[in-house]
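Below you'll find the structure, written out as structure tokens, and then a few comments.
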Amino acid sequence: QQMSLTRAEQTAPYAFGSLSHLRFIFFFMYQLQQEAPHPRRVTCVSEVENRPKYYGREYHGMISREEADQLLSVAEGSYLIRESQRQPGTYTLALRFGNQTRNFRLFYDGKHFVGEKRFESIHDLVTDGLITLYIETKAAEYISKMTINPIYEHVGYTTLNREPALKKALPVCRDMPDGKDAAGEDTGLEERVRCCSALTSLVRRATLKESERAPKYEKVHNFKVHTFRGPHWCEYCANFMWGLIAQGVKCADCGLNVHKQCSKMVPNDCKPDLKHVKKVYSCDLTTLVKAHNATRPMVVDMCIREIEARGLKSEGLYRISGFSDLIEDVKLSFDRDGEKADISVNVYEDINVITGALKLYFRDLPIPVITYDAYPRFIEAAKLTDPDERLEALHEALKQMPPAHCETLRYLMAHLKRVTQNEKHNLMNAENLGIVFGPTLMRAPDLDAMTALNDIRYQRQVVELLIKNEDILF
């Protein structure tokens with residue numbers, strides 16, 4: 001019987017208190033996974049010539065669909081592999097489900113796949129496929145309504161940084177892998193699901209409040225396909241995540257777990273958790289500032305403070321390179337110690353080491369300070385000849401940048417303006433700084449080598465204009 005929803009179930013909000021309803025759905029979906037047909041390999045009794053080395057006895061060579069259908073009629077979950085008669089050299093997984101044979105184009109690139117998921121063995125691929133087919137058949141109506149009224153909209157989103165404080169308020173959940181409680185009584189699947197669900201981040205998000213001092217920067221979640229061990233909730237729709245592997249996606253920055261289809265509905269409200277952000281250099285700029293509840297990256301603030309304290313009059317500031325080994329040492333210090341990194345004169349006497357570390361930070365960003373999306377707008381602005389139109393175009397281009405990037409650029413330009421005010425000593429004017437920082441702050445997005453080369457002079461002009469008009473543009 002296919003699961004059917006009542007009107008009340010379709011429209012009732014998933015309030016945090018209605019855990020009994022959520023447990024029922026979780027239990028029901030988990031039971032469906034357990035009830036799914038098991039794989040039954042139909043082996044070929046004769047030797048088949050030219051059998052691919054990555055297939056076993058389930059390979060039957062070039063047989064017709066009708067022959068495959070007859071061989072698979074023995075039981076649900078039966079499967080075999082055959083070579084296509086229409087396209088020799090390609091292979092088909094024939095699978096019995098719902099009293100009919102289903103055919104899937106089969107691929108191998110070191111792992112077996114028919115879609116996005118990749119498997120070490122054909123057996124695992126078929127197991128996962130049968131689970132998916134069974135659940136999507138039995139609970140089709142419910143699955144189609146999963147994202148209509150998600151729990152995510154009712155409990156919001158909270159970073160897990162303060163998880164230890166919550167543990168005092170929640171009941172302790174001990175592992176009971178054999179299904180028995182402390183007295184040796186069988187607790188049953190539903191009780192284990194209830195206990196484990198109490199510690200999901202779904203509950204944690206409902207209990208915790210968002211930090212008031214966190215910057216209001218919007219950030220897209222960095223979802224990656226993930227394989228979850230044991231029964232798992234989707235933190236968007238609060239439903240069971242089914243399948244053998246790659247049941248959903250996990251945000252690499254904040255740890256949010258959701259179905260793949262739900263990930264398209266999640267707001268751009270990622271709040272990176274420090275336990276997921278392992279480094280400072282080469283980390284996405286918005287991810288870093290949100291993880292540290294900062295306005296700008298600590299590297300930018302600390303290096304600029306140090307430079308302005310003792311280096312504004314240093315000849316060739318930013319143009320002269322520091323010793324590369326010491327610059328790398330500063331990078332490692334930030335990655336290891338974060339805000340506690342010591343970049344004082346006692347450790348790095350040469351100010352060019354600090355300027356080199358700052359430039360390296362900008363070069364290492366996966367998305368440049370002037371982002372790939374905003375890049376064409378800045379280049380087009382630099383090409384304009386009318387000064388007023390050029391400034392207006394630059395102002396519009398700045399609006400295309402993410403807030404954290406724009407704030408970092410504003411802070412850097414104000415600093416470079418102060419550098420130019422000491423030109424009599426450091427010999428660095430806006431044009432010189434544009435030559436240094438143009439390729440550092442801007443990178444051409446997927447352009448051919450010749451176009452990228454031609455853009456270099458416009459990159460220099462963009463930075464020069466931003467420095468000279470810092471007080472107007474920001």
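Atoms considered below: every heavy atom in the structure, side chains included; atoms not considered: hydrogens, waters and symmetry mates.
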- line: Result for side chain to side chain contact (heavy atoms under 4.5 Å, CB included) between Thr227 and one of Lys250, Lys117, Gln247 points to Gln247
statement: In this structure, SG of Cys270 is separated from CZ of Phe223 (nearest 0.5 Å) by 8.0 Å
query: Hey, what do you get for CG (Asn454) to CD (Gln459), rounding to the nearest 0.5 Å?
result: 11.0 Å
- prompt: What do the steps show when you test Asn426 against Glu315 for side chain to side chain contact (heavy atoms under 4.5 Å, CB included), and what is the final call?
  reply: CA-CA 4 Å; Asn426 59 40; Glu315 184 177 332; 5.7 Å; no
field: Derivation and outcome, side chain to side chain contact (heavy atoms under 4.5 Å, CB included), residues Met428 and Glu423
entry: CA-CA 5 Å; Met428 295 298 291; Glu423 180 187 354; 5.9 Å; no
query: So, do Met442 and Pro368 sit near enough that their side-chain heavy atoms are less than 4.5 Å apart?
result: no
query: Do the side chains of Phe334 and Ile343 get nearer than 4.5 Å, heavy atoms only?
result: yes
query: So which heavy atom on Ile351 is nearest to which on Ile307, and how close?
result: CD1-CA, 3.9 Å
side-chain contact (heavy atoms from CB on, under 4.5 Å) against Asp350, all qualifying residues, sequence neighbours excluded: Asn352, Val353
query: Measuring from Asn222:CG to Leu256:CG, what's the distance to the nearest 0.5 Å?
result: 11.5 Å
NZ (Lys417) with more than 12 external heavy atoms under 6.0 Å: yes
- request: Check step by step if salt bridge (charged side-chain N to carboxylate O under 4.0 Å, His left out) holds for Lys331 and Asp364.
  value: CA-CA 11 Å; Lys331 172 184 175 180; Asp364 278 359; 3.4 Å; yes
task: Compare all side-chain heavy atoms of Leu394 with those of Asn469 and state whether any distance is below 4.5 angstrom.
output: no
field: Non-hydrogen atoms of Leu365 and Arg443 that approach each other most closely
entry: O-NH2, 2.6 Å
query: Side chains of Thr408 and Leu285: does their closest heavy-atom pair fall under 4.5 Å?
result: yes
query: Where is the tightest heavy-atom contact between Tyr348 and Asp342, given as atom of each residue plus distance?
result: CE1-O, 3.4 Å
- request: State, without any angle test, whether Gln400 and Tyr375 hold a side-chain donor-acceptor pair at a distance under 3.5 Å.
  value: no
field: side chain to side chain contact (heavy atoms under 4.5 Å, CB included) partner of Leu441, chosen from Met413, Arg363, His405
entry: Met413
task: Please round to the nearest 0.5 Å and tell me the distance separating atom CG of Leu409 and atom CZ of Phe474.
output: 4.0 Å
- prompt: Just checking, any donor-acceptor pair under 3.5 angstrom between side chains of His415 and Glu308?
  reply: yes
Side-chain (Thr287) to main-chain (Cys283) donor-acceptor, under 3.5 angstrom: no
query: Do we get Lys383 above Tyr458's six-membered ring, with its NZ or CZ under 6.0 Å from the centre and within 45° of the axis?
result: yes
task: Show the numbers, then the answer: is there a side chain to side chain contact (heavy atoms under 4.5 Å, CB included) between Thr286 and Ile367?
output: CA-CA 10 Å; Thr286 303; Ile367 300 175; over 6 Å; no
query: Among side-chain atoms of His221 and Asp269, is any donor-acceptor pair under 3.5 angstrom?
result: yes
query: Excluding sequence neighbours, so at least two apart, what forms salt bridge (Lys or Arg N to Asp or Glu O under 4.0 Å) with Glu396?
result: Lys399
query: If you measure from the Lys or Arg side-chain nitrogens to the Asp or Glu carboxylate oxygens, is any gap between Lys219 and Asp253 under 4.0 Å?
result: yes
message: To check you understand the geometry: which heavy-atom pair defines the closest contact between Val300 and Leu358, and what is its length?
response: CA-CD1, 3.9 Å
message: Given 3.5 Å as the limit, does a donor-acceptor pair link the side chain of Gln33 with the main chain of Gly243, or not?
response: yes
- prompt: Between CG of Leu332 and NZ of Lys279, what distance do you get to the nearest 0.5 Å?
  reply: 11.5 Å
query: With a 4.5 Å heavy-atom cut-off, do Tyr79 and Leu130 have their side chains touching?
result: no
message: Are the side chains of Leu106 and Thr92 in contact, using a 4.5 Å heavy-atom criterion?
response: no
- prompt: Would you call Arg296 and Asp301 a salt bridge, taking side-chain N to carboxylate O under 4.0 Å as the test?
  reply: yes
query: Does Asn422 reach the main-chain N or O of Arg418 with its side chain, forming a donor-acceptor pair under 3.5 Å?
result: yes
task: Take Val126 and Leu95, measure what side chain to side chain contact (heavy atoms under 4.5 Å, CB included) needs, and give me the verdict at the end.
output: CA-CA 8 Å; Val126 174; Leu95 175 66; 3.7 Å; yes
field: By salt bridge (Lys or Arg N to Asp or Glu O under 4.0 Å) - contacts of Lys424 (at least two apart)
entry: none
query: Is the distance between the ring centroids of Phe107 and Tyr91 under 6.0 Å?
result: no
- request: Taking all non-hydrogen atoms of both residues into account, name the closest pair between Leu312 and Leu317 and its distance.
  value: CA-CD2, 4.1 Å
- request: Indicate whether the side chain of Asn257 and that of Tyr236 have a donor and an acceptor atom separated by less than 3.5 Å.
  value: no
- request: Please round to the nearest 0.5 Å and tell me the distance separating atom CD1 of Ile354 and atom NZ of Lys359.
  value: 12.5 Å
field: Minimum side-chain heavy-atom gap Asn432-Arg319 below 4.5 Å
entry: no
field: Close side-chain approach of His112 to Tyr55, heavy-atom, < 4.5 Å
entry: yes
- request: Verify whether the ring centers belonging to Phe113 and Phe119 lie closer than 6.0 Å.
  value: no
- line: In short, Leu473 meets His395 closest at the heavy-atom pair O-ND1, 3.8 Å
